[in-house]
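Pasting a structure below so you can have a look.
Here is how names work: the chains are called A, B, and so on, in the same order as the sequence lines, proteins then strands, and each is numbered from 1.
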Protein chains: 2
Amino acid sequence: MTVRLLGVAVDVAVFTVRASRLEVALIRMKRAPFEGKWALPGGRIQTEETVEDAAQRELTDKTGLADVYLEQLYTFSEPDRDPQGRCVSVAHLALVPATAELRTNDKYAGIDWFAADRPPSLAFDHKAMLAYAVKRLRAKLEYTNVAYSLLAPTFTLGELQRVYEAILGQPLDPRNFQRRIQAVGLVLQTGEMRTGQANRPARLFRFAVRRPVEIAVLT
Amino acid sequence: MTVRLLGVAVDVAVFTVRASRLEVALIRMKRAPFEGKWALPGGRIQTEETVEDAAQRELTDKTGLADVYLEQLYTFSEPDRDPQGRCVSVAHLALVPATAELRTNDKYAGIDWFAADRPPSLAFDHKAMLAYAVKRLRAKLEYTNVAYSLLAPTFTLGELQRVYEAILGQPLDPRNFQRRIQAVGLVLQTGEMRTGQANRPARLFRFAVRRPVEIAVLT
DNA sequence: GCAAAAGTGTTGTCGGTACACCCATGC
DNA sequence: GCATGGGTGTACCGACAACACTTTTGC
């Protein structure tokens, strides 16, 4: 048996909701063994940082995103998951508003948003990581306020509903949705309206709290 | 800055319910820097195994328990969590029936069950790991059938209720409990009775399925 | 016969779901 | 004036919580 050095990496599934669709940010690899393939952004952890710090650092380095909602998910450790050598990877989930812009560095051939439920063929075990992240995001949406990290500081209830529908993958009744969202105190009215659209102006809301808390949003 | 080798370890919080109390198995360290302190069983992962395999292996080695329910929880990675050197650790949750017997090896000064909500002072960051494991176990009990791994193959509804009460930390109404447990199809009657106690014999049940599945048990 | 746990049914309340119409604006 | 999305109230139903007494056994 050859001795192989054991490494620790992080990978991040960054999601946003754009045009009523849940999308994930992927970067395109330049070099073998995954040349041309798409992958979740990530990399090795450094000696004096936690895995969450490493995920933030790698995310900024490879996507240009900073100060995002980020959460550890699960550690993937199949011995052959990385053809370049033994390496476990701690998968993370990140959320950004649709206004976020992606910009990778020149070590990669590109970066773009993809439909989270129909990704292209992915490098490493990133297909499993992505599926796990989507599943966790769905669950978290129902009992936490994480949706705040997917929207601008103010938003209409219609925009919020489209975020929920895109992630849960099912339509929701607007009357019941509004009643529940307001009943649990998830959002507060700002008093402002969104004008300029070709239809009736909608009230603008903001989240009551803009850091992660548990709150039974649905059911 | 000194270069430090990055290691990967696993630790396991093994729970059981005995005498209406949630208990966790701890081993006593023999050597510095944690001489005399109690800790969760665990150890380094080997080159060709997943972290879950490592957790099973370390668990058998250090507690004598085999073939137990085991699940990955969370990766702890504070740079200073291990005074012996940089090492991240993947925490796991394990469940065994109250009949399981603990037996550690001679590298440790002892092994015993402790009340999960009042552990002794623990080595490393195991206090945080244990707290996280208890929290996760409470949550999983309500939407999965994991309780099967805490009981013998057949059991009375009273025994099952005591498991739920011990983990959730609150009394439950026996009428509502029995109705719900049977309504969701968690258990099936065996037709046998438990006799020999100084009171009315109780029906014996078994779990409808004895592998992990999601099922809304409570609320 | 007594202590100890098992077993059983009903009622009230609350929350969730289903559902249709009018409103305000931009063009 | 028309197309588009915003905004609102009610009625039904099912699920959950609360609650007390009788039964069966070992000693």
Side-chain angles (χ1 to χ4, degrees), chain A residues 17-21 98 138 141-143 147 151-152 154-166 168-206 214-219, chain B residues 17-21 98 141-143 151-152 154-166 168-206 214-219:
Chain A
V17 174
R18 301 196 321 164
S20 298
R21 198 171 76 151
R138 283 205 178 117
L141 197 67
E142 304 198 352
Y143 68 93
L151 288 164
T154 65
F155 52 89
T156 70
L157 291 184
E159 290 164 359
L160 180 61
Q161 187 178 339
R162 282 188 287 279
V163 165
Y164 274 79
E165 289 176 335
L168 300 178
Q170 57 176 310
L172 300 170
D173 182 284
R175 297 182 286 266
N176 296 334
F177 182 75
Q178 296 196 11
R179 190 180 17 230
R180 289 219 298 242
I181 289 295
Q182 299 200 57
V184 298
L186 188 68
V187 299
L188 300 170
Q189 286 196 32
T190 63
E192 319 265 298
M193 306 286 277
R194 165 145 308 162
T195 56
Q197 259 88 325
N199 47 33
R200 175 171 173 179
R203 295 191 189 135
L204 284 171
F205 288 78
R206 61 186 175 83
E214 299 207 353
I215 183 171
V217 179
L218 299 181
T219 54
Chain B
V17 174
R18 301 197 319 165
S20 299
R21 198 171 75 153
L141 198 66
E142 306 198 351
Y143 69 92
L151 287 165
T154 64
F155 51 88
T156 69
L157 290 185
E159 289 164 0
L160 180 61
Q161 185 178 340
R162 282 188 285 280
V163 165
Y164 273 80
E165 290 176 333
L168 299 178
Q170 56 176 310
L172 300 171
D173 181 285
R175 296 181 288 265
N176 295 334
F177 182 75
Q178 295 196 13
R179 188 179 20 231
R180 289 222 295 244
I181 289 295
Q182 297 200 58
V184 298
L186 187 68
V187 298
L188 300 171
Q189 287 195 31
T190 63
E192 319 264 298
M193 305 287 276
R194 166 145 307 163
T195 55
Q197 260 88 324
N199 48 32
R200 177 172 172 176
R203 293 190 190 135
L204 284 171
F205 287 77
R206 61 186 176 82
E214 299 207 352
I215 184 172
V217 179
L218 300 181
T219 49

Could you tell me which non-hydrogen atom of B:T190 sits nearest to which non-hydrogen atom of B:R206, and how far apart they are? CG2-N, 3.9 Å

When rounded to whole Å, the CD to P distance for the pair A:Q178 and D:dG5 reads 15 Å

Please report the distance, rounded to the nearest Å, between CD in A:Q161 and C1' in D:dT8. 14 Å

Atom CZ of A:R203 and atom P of D:dG7 are separated, to the nearest Å, by 6 Å

Taking CD from B:Q189 and C1' from C:dG7, how many angstroms apart are they, rounded to a whole number? 11 Å

Test your reading of the model: is there a side-chain donor-acceptor pair from B:Q189 to the backbone of B:R203, 3.5 Å cut-off? no

Taking atom P of C:dA6 as reference, at what distance in whole Å does atom CD of B:Q182 sit? 14 Å

Is the phosphate of D:dT24 approached by B:R194 (side-chain N or O, under 4.0 Å from OP1 or OP2)? no

Among residues at least two apart in sequence or on other chains, which ones pass salt bridge (charged side-chain N to carboxylate O under 4.0 Å, His left out) with B:R194? B:E159

Side chain to side chain, A:V217 and A:Y164, heavy atoms closer than 4.5 Å: yes

If I take atom CZ in residue B:F177 and atom P in nucleotide D:dA18, what distance separates them, rounded to the nearest angstrom? 16 Å

Rounded to the Å, how far apart are A:L204 CG and D:dG6 C1'? 12 Å

May I ask you to test the A:Q170-A:E165 pair for a side-chain heavy-atom distance under 4.5 Å? no

Please list all pairs passing the ring-ring contact (aromatic ring centres under 6.0 Å, His included) test where one or both residues lie in residues 181-206 of chain A, with sequence neighbours left out. none

What is the distance, to the nearest angstrom, from the CE atom on A:M193 to the C1' atom on D:dG5? 12 Å

Considering only heavy atoms from C-beta outward, does the side chain of A:V17 approach that of A:L151 to under 4.5 Å? no

Quick one: what's the B/S/- string for nucleotides 22-27 of chain C, heavy-atom cutoff under 4.0 Å, read 5' to 3'? -BBBS-

Which atom pairs, one a donor and one an acceptor, fall under 3.5 Å between side chains of residues 178-188 of chain A and the rest of the protein, sequence neighbours left out?
from: A:R179; atom 1: NH2; to: A:N176; atom 2: OD1; distance (Å): 2.5

Reading nucleotides 10-20 of chain C from 5' to 3' and marking B where a protein heavy atom lies under 4.0 Å of the base, S where only the sugar-phosphate is that close, and - otherwise, the string is B-----SBBBB

For B:R18, what residues pass the salt bridge (charged side-chain N to carboxylate O under 4.0 Å, His left out) criterion, not counting sequence neighbours? B:E23

